[in-house]
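For clarity, every value in this text was computed on a predicted model and none was experimentally measured. So that the names make sense, note that chain A is the first sequence line, chain B the second, and so on, each numbered from 1.
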Amino acid sequence: MELITGAYEPKEAESNIYEKWEQSGYFNPDKLPGERNEKYIVYMPLPNVTGTLHMGHALDNTLQDIVIRYHRMKGYKTLWFPGTDHAGIATQYVVEKELKKRGINRFELGREKFIEKIWEWKNKYGNTIIEQLKKLGVSCDWSRIRFTMDEKYAKDVQNAFVHYHEKGFLYRGKRVVNWCPRCGTSLSELELEYKDEKSKLWYIKYNFKDQNSKIKSVTVATTRPETMLGDTAVAVHPKDDRYKNMIGKTLILPIMHREIPIVADDAIDMEFGTGAVKVTPAHDMVDFEMGERHKLEVIQVIDERGKMNENAGIYNEMKAEEAREKIVERLKGEKLLEKEESYDHRVAVCYRCGHVIEPVPSLQWFLRMEELAKNALDAVKSKKVKIIPNNFEKKYFDWLENIRDWTISRQIWWGHQIPVYFCKNKLESISNENKEEYVVSLERPGTCPFCKKCEMEQSPDVLDTWFSSALWPFAGLSESDLKNYYPGTTLITARDILNLWVARMIYSGIEFKKELPFTNVFIHGTILTKDGKRMSKSLGTGIDPLKYIDQYGADATRFGIVWQASGQDIRWDETAIIAGKKFANKLWNASRFVLANASPNGISINQLNPHISASTDADKKILRALEKTKESIERDIKNFEFSRPLHTAYDFFWHEFCDIYLEISKKQLSVPNGKDENLSENTKAILIHVLLSSLKIFHPFIPFITEEIYSRIPLENKKECLMIEEW
RNA sequence: GGGCACAUAGCUCAGUGGUAGAGCGUCUCGUUUACACCGAGAAGGUCCAAGGUUCAAUCCCUUGUGUGCCCACCA
């Protein structure tokens, strides 16, 4: 046992300590010492395999680590499940870009080879974020790490699909989906981003078929004239006096010369434009729904590459933007363009590549949400799952109460391919919703039940990434882990994935395991830049936590983050890390003092307490303050308060212990010539006791330095490490 | 348009129905046998505005202003 000398060097100490922890095996609940009856289980929000540590991860994982370390020291059987997400679109995008640099195109490569490349990439870089998390000091059980495309995990995903199918929750349908022509996939509403765009509003005249009445035409306003080729109606509000008597009449669609009706629909805003709207069911969500209400034909004129198709007549194969210009020109020529106004609006863009979204009708798989959403709703309404703070419940309820069926299929290559098989001789059934000639099965079917001779072909579609992450609390677990470690206790995450992910885990747990996956959902704030902007790598506003870990140590970094994590969003203030660094130094030096003046050499840890009998006012005061501090911190951690207990502990240690008691102890220790030996001995015991207690208090927050100091206290019968000391 | 937050020291933020707090920064003093990454002390605040409830409001209520975020719509 070496006493503390010199300064604390986080860099050297941290990697050694982490190694020691890993070797101890105590991250694994099955290897924890002592009898532990109560469990405490946390599911790590899955970082993407392509991810690198950012401040959000640092906050999220530090809070989880605090909760886990605290409960471990409190004698719980603690398990923190780690994992990584295959992150369909994100990963495919990253690897595709990587290959492009080397002049390789994924379409030339082919699906199978491309997926191989992604696996190669994953095996090479997929562990980056894990290594970075280790630097932060997280105490998750790495022996249980899972990847959402692991064999067993994938099997559970396939099972879930088959289960939903057998239950009648799955159906195929043509829907206008948000299509990214660049990524070649449909995107969910949650994956869209919006961008302001300077555009124009074109006012186009649609003539009446009957040119004998006084009014010859109706003018509609549109931002997308090229979609007019697929118009199948014009809609007005039923109460709009300007158009009331025109409802039901027939117009001639310019250019295409097709007859289309005027319909009445409540969705129309009378104030906007002319109050008359062109309806293009194939290329607009709202129009699609209107089309269903009025039984309108769906005519697709733009294809999945963003080009006009054969239904667009002479514009066939033209890019949509080009067709727009040509059509506007032509309308001008035919005197059907009444006017154009400049108009700024927001367009939906792909969250990955930023390409403008093209709504196109497409055959997709849908999951019926009614019953699932109701289950998720009930779980929180009945308080079986607590959302903390509870003002986030409203957001959760709103989403679930207005939920639409979930489009779970994606047209990308990287992901869980759906267990659906088509007859090779009737491949048109892949794209024809009326032909239900497919088999849903875990195994590839032997002979085709339709043609009786072909080997069937698996659907090229893959599942939405969230379909697999929704199963995270239990997918891929071994039989015994399922029995012992499901359900869990707590989930700690940011608010942006409350619905995307948390709600889906809740109903998946009920659906597949008949038990809620966890009882607490703690939502923490978001880390913003100092001027309140979003931290984003692409905007260059992000900050790399590894920079701080490197410069000031993981403890100081964690300290700085938690110091500010009061529940509100955090405008990042670097000076908190300086405070953390200073505190680490204070802790180190105070420990040096205590060990130099009150070394408990030869004393067993169990003998320590009896030595403590407060004789002076200062003794009494510090011991009382210690108890109060501990109580207050316990209360806070139970309530998922993190910043407050750190401040409490800081104030206690720095001011009450160091500034006051340590100074007084100098006098109490130096009683002349054994005049009052008891006072001196008591003081020593108190110093050691308070130091040891403080190390325990601080350990969940700043685990490295506390562990390092603990290892240097020459007490007999110490635990193997502070991590498993009793809090 | 609807909802949820927030507005307190120079900066980032805690906090309480009754003398306003921390970190960082600033200033003064201090080489006291852990620590200058320190100690002692100081300066610095109409607690966004207006109105209301109250013996008493920074805190509770109403309205307004400003900021951030979420949801819907944007033809």
Side-chain angles (χ1 to χ4, degrees), chain A residues 4-8 189-190 194 199 201-204 220-225 227-228 231 234-236 265 267-269 271-280 283-287 290 343-348 389-399 401-402 495-496 498-499 525-526 528-534 552 556 559-560 563-598 641 643-644 646-648 650-651 654-655 657-660 662-663 665-667 669-670 687 691:
Chain A
I4 298 182
T5 49
Y8 175 64
E189 292 157 58
L190 295 161
Y194 294 89
S199 175
L201 200 52
W202 287 274
Y203 289 76
I204 307 171
V220 298
T222 181
T223 53
R224 302 201 54 198
T227 64
M228 68 167 289
D231 283 4
V234 164
V236 298
D265 199 288
I268 304 304
D269 177 3
E271 308 291 316
F272 192 91
T274 61
V277 183
K278 62 193 267 321
V279 182
T280 324
H283 296 291
D284 187 283
M285 301 277 183
V286 177
D287 289 9
M290 234 188 282
Y343 182 67
D344 298 340
H345 67 144
R346 294 190 323 162
V347 293
N390 61 13
N391 53 314
F392 288 110
E393 283 178 1
K394 195 171 163 18
K395 188 181 152 176
Y396 179 86
F397 293 149
D398 283 351
W399 190 69
E401 278 162 4
N402 300 304
R495 64 171 167 275
D496 50 342
L498 179 62
N499 295 326
T526 305
L528 307 169
T529 63
K530 190 155 186 172
D531 41 357
K533 296 273 185 319
R534 215 188 146 70
Y552 302 105
F559 182 104
W563 185 257
Q564 303 180 66
S566 63
Q568 297 299 329
D569 284 353
I570 298 159
R571 288 189 183 206
W572 182 246
D573 183 9
E574 223 175 81
T575 64
I577 293 196
I578 308 292
K581 176 69 184 145
K582 285 186 177 182
F583 181 75
N585 185 253
K586 190 75 177 176
L587 187 58
W588 184 256
N589 284 303
S591 304
R592 262 176 67 188
F593 172 85
V594 171
L595 294 188
N597 292 284
E641 299 254 14
S643 163
R644 189 157 48 193
L646 180 58
H647 280 82
T648 305
Y650 176 96
D651 286 341
W654 196 302
H655 301 301
F657 186 54
C658 292
D659 289 349
I660 298 172
L662 231 56
E663 293 308 320
S665 80
K666 289 174 185 170
K667 290 190 191 114
L669 288 169
S670 65
L687 284 171
L691 175 65

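Paired runs in RNA chain B that reach 3 or more consecutive Watson-Crick or G-U pairs, where each pair keeps both distances under 3.5 Å, cover B:1-7 with B:65-71, B:10-13 with B:21-24, B:26-30 with B:38-42, B:48-52 with B:60-64.
To the nearest angstrom, C1' of B/C70 lies 16 Å from CD of A/E393. Atom CD of A/E641 and atom P of B/C13 are 17 Å apart (whole Å). Counting to the nearest Å, the C1' atom of B/U32 and the NZ atom of A/K667 are 10 Å from each other.
The ring-ring contact (aromatic ring centres under 6.0 Å, His included) search around A/W563 returns A/F559, A/H647, A/Y650, not counting sequence neighbours. Scanning for side chain to side chain donor-acceptor pair (under 3.5 Å) contacts around A/N390 gives an empty result, with sequence neighbours left out.
The residue among A/Q564 and A/R644 whose nearest nucleotide of RNA chain B lies closer to the 5′ end is A/Q564. Looking at which nucleotide of RNA chain B each of A/W563 and A/R224 is closest to, the 5′-most match is held by A/W563.
Nucleic acid contact class of A/N597 (heavy atoms, under 4.0 Å, all strands): none. No contact: A/W202 has no heavy atom under 4.0 Å from any strand. Counting non-hydrogen atoms under 4.0 angstrom, A/V286 reaches the backbone sugars and phosphates but no base. Nucleic acid contact class of A/A590 (heavy atoms, under 4.0 Å, all strands): base. Using a 4.0 Å heavy-atom distance criterion, A/R534 is classed as making no nucleic acid contact. No contact: A/F583 has no heavy atom under 4.0 Å from any strand.
If you take atom P in B/A5 and the same atom in B/U63, they sit 14 Å apart, rounded to whole Å. Between B/G44 and B/C37, the distance separating the two C1' atoms is 25 Å to the nearest Å. A gap of 23 Å separates the C1' atoms of B/U62 and B/G68, to the nearest Å. Rounded to whole Å, the P atom of B/A7 lies 12 Å from the corresponding atom of B/U16.
In this model, the phosphate group of B/U33 is not approached by any side-chain N or O of A/K666 to a distance below 4.0 Å at OP1 or OP2.
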Close N/O contacts between protein and nucleotides 2-7 of chain B (under 3.5 Å):
| unit_1 | atom_1 | unit_2 | atom_2 | d |
| --- | --- | --- | --- | --- |
| B/A5 | O2' | A/Q568 | OE1 | 3.0 |

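Within residues 569-578 of chain A, the residues having any heavy atom closer than 4.0 Å to RNA chain B are, in order of number, A/R571, A/D573, A/T575.
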Pairs under 3.5 angstrom only: tabulate donor-acceptor contacts from the side chains of residues 577-585 of chain A to other protein residues two or more places apart or in another chain.
| unit_1 | atom_1 | unit_2 | atom_2 | d |
| --- | --- | --- | --- | --- |
| A/N585 | OD1 | A/N589 | ND2 | 3.2 |

